[in-house]
Amino acid sequence: MPELPEVETVRRQLAPELVGRRVIDAGSHPSAKFTPARQLNGIRFGDPGRRGKYLLLPTSDGRELVVHLGMTGQLRFRQHGPDVDDPYLRAWWMLDNDRALEFADVRRFGRLRVVPAGHYDDIPTLHNAGPEPWDSELTPRSFHARLKASRRMLKTQLLSQRPIAGVGNIYADEALWLARINPKATRLGVDRAGDLLEALRQVLQQGVDNGGTTLRDYRNVDGDSGSNQGELLAYGRSGEPCIRCGVTLKSDVLDARTTTWCPNCQRH
DNA sequence: GTACGGCCCTGTTAGC
DNA sequence: TGCTAACAGGGCCGTA
């Protein structure tokens with residue numbers, strides 16, 4: 001499930017091949033999630049950006065293609081044209097270099113939007129997203145203030161994208177474990193908020209360095225898996241011993257997401 | 001504003 | 001072996 005490191009990996013791979021390319025034809029699956037793809041006929045792509053888990057592909061006419069990969073979305077290039085026989089092909093753009101950019105998505109949790117550049121009012125999660133993890137204005141104090149704005153559980157807050165952008169289920173569990181913070185906690189002091197911020201930066205940076213985490217579906221633009229799955233210390237390890245203290249990790253469903261933590265070193 | 005439930009989807013896995 | 005049910009999960013929407 002693509003989170004910030006996976007989306008950043010895709011962005012970096014797309015950039016060199018996409019910038020300046022003109023769309024000479026486009027098509028999509030009939031679902032409204034994907035039909036915006038068709039609005040891009042004739043434009044040229046600019047330099048791909050990213051905000052949280054959203055890919056932002058600027059177009060030469062002052063708009064942006066906003067791509068959310070959902071859980072199983074994948075962007076890739078294909079020589080000579082799109083593979084229209086692929087049952088999971090959801091959208092495609094034929095480019096002026098005899099290559100097609102394809103968006104495939106097995107579970108259709110992904111979505112595409114075309115908006116005037118920088119106008120995200122109709123994309124609530126993007127519109128309300130907190131700062132990027134490495135934003136210089138994001139400090140222990142400002143992060144603490146953002147967390148304090150809600151009384152919801154920390155895990156829920158992280159998944160909401162409001163305190164910080166780009167964190168999903170995997171990296172939230174990893175960061176909370178690393179910072180020794182209970183996912184069900186509802187408030188933190190400034191110091192502990194600083195610990196959590198530092199842990200989030202660490203696990204996200206590690207994810208980027210490893211080209212993302214592939215549990216099952218995620219592939220980068222070249223069709224390769226990431227390698228960060230070998231580094232996970234909490235996520236998906238319920239029932240196994242905590243690497244720090246040996247106590248068995250437990251899991252529970254919070255906010256409809258499986259959450260794994262150590263009942264000993266993440267007591268509070 | 002917040003909390004909560006439900007929905008979208010389909011491949012995989014567990015259980016019978 | 002073959003079937004069914006449960007599960008995975010990010011974002012969004014409606015309701016309270």
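The sequence lines fix the lettering, A, B, ..., with proteins before strands; numbering per chain opens at 1.
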Mind checking ring pair (Phe, Tyr, Trp, His ring centres under 6.0 Å) for A/His29 and listing every partner two or more places apart, or none if nothing turns up?
A/Phe34
Pull out every protein N or O sitting under 3.5 Å from an N or O of nucleotides 9-16 of chain C, one pair per line with the distance.
residue	atom	partner	partner atom	Å
C/dG9	OP1	A/Asn169	ND2	3.4
C/dG9	OP1	A/Tyr235	OH	2.5
C/dG9	OP2	A/Thr258	N	3.4
C/dG9	OP2	A/Thr258	OG1	3.2
C/dG9	N2	A/Arg107	NH1	3.2
C/dG10	OP1	A/Asn169	N	3.4
C/dG10	OP2	A/Arg257	NE	2.8
C/dG10	O3'	A/His68	NE2	3.3
C/dG10	N7	A/Arg257	NE	3.4
C/dG10	N7	A/Arg257	NH1	3.0
C/dG10	N7	A/Arg257	NH2	2.2
C/dG11	OP1	A/His68	NE2	2.6
C/dG11	OP2	A/Lys53	NZ	3.4
C/dG11	N7	A/Arg257	NH2	3.3
C/dC12	OP2	A/Thr125	N	3.1
C/dC12	OP2	A/Thr125	OG1	2.1

Between [X] and [Y], is there a side-chain N and carboxylate O pair less than 4.0 Å apart?
| X | Y | value |
| --- | --- | --- |
| A/Asp105 | A/Lys33 | no |
| A/Arg44 | A/Asp96 | yes |
| A/Arg76 | A/Asp86 | yes |

Taking atom CD of A/Gln79 as the centre, does the number of heavy atoms from other residues, nucleotides or ligands within less than 6.0 Å exceed 12?
yes
To the nearest Å, give me how far apart CD (A/Gln74) and C1' (B/dC9) are.
17 Å
Measure the distance from CZ on A/Arg108 to C1' on B/dC7 and round it to the nearest whole Å.
14 Å
In short, salt bridge (charged side-chain N to carboxylate O under 4.0 Å, His left out) pairs touching residues 201-211 of chain A with sequence neighbours left out are none
Residue pairs, two or more places apart or on separate chains, that pass salt bridge (charged side-chain N to carboxylate O under 4.0 Å, His left out) and touch residues 111-128 of chain A:
none
Provide a list of protein-nucleic acid N or O atom pairs under 3.5 angstrom, restricted to nucleotides 2-6 of chain B.
residue	atom	partner	partner atom	Å
B/dA3	OP2	A/Arg152	NE	2.3

Set of residues satisfying side chain to side chain contact (heavy atoms under 4.5 Å, CB included) with respect to A/Arg63, sequence neighbours excluded:
A/Gln39, A/Leu40, A/Ile43, A/Thr59, A/Asp61, A/Val114
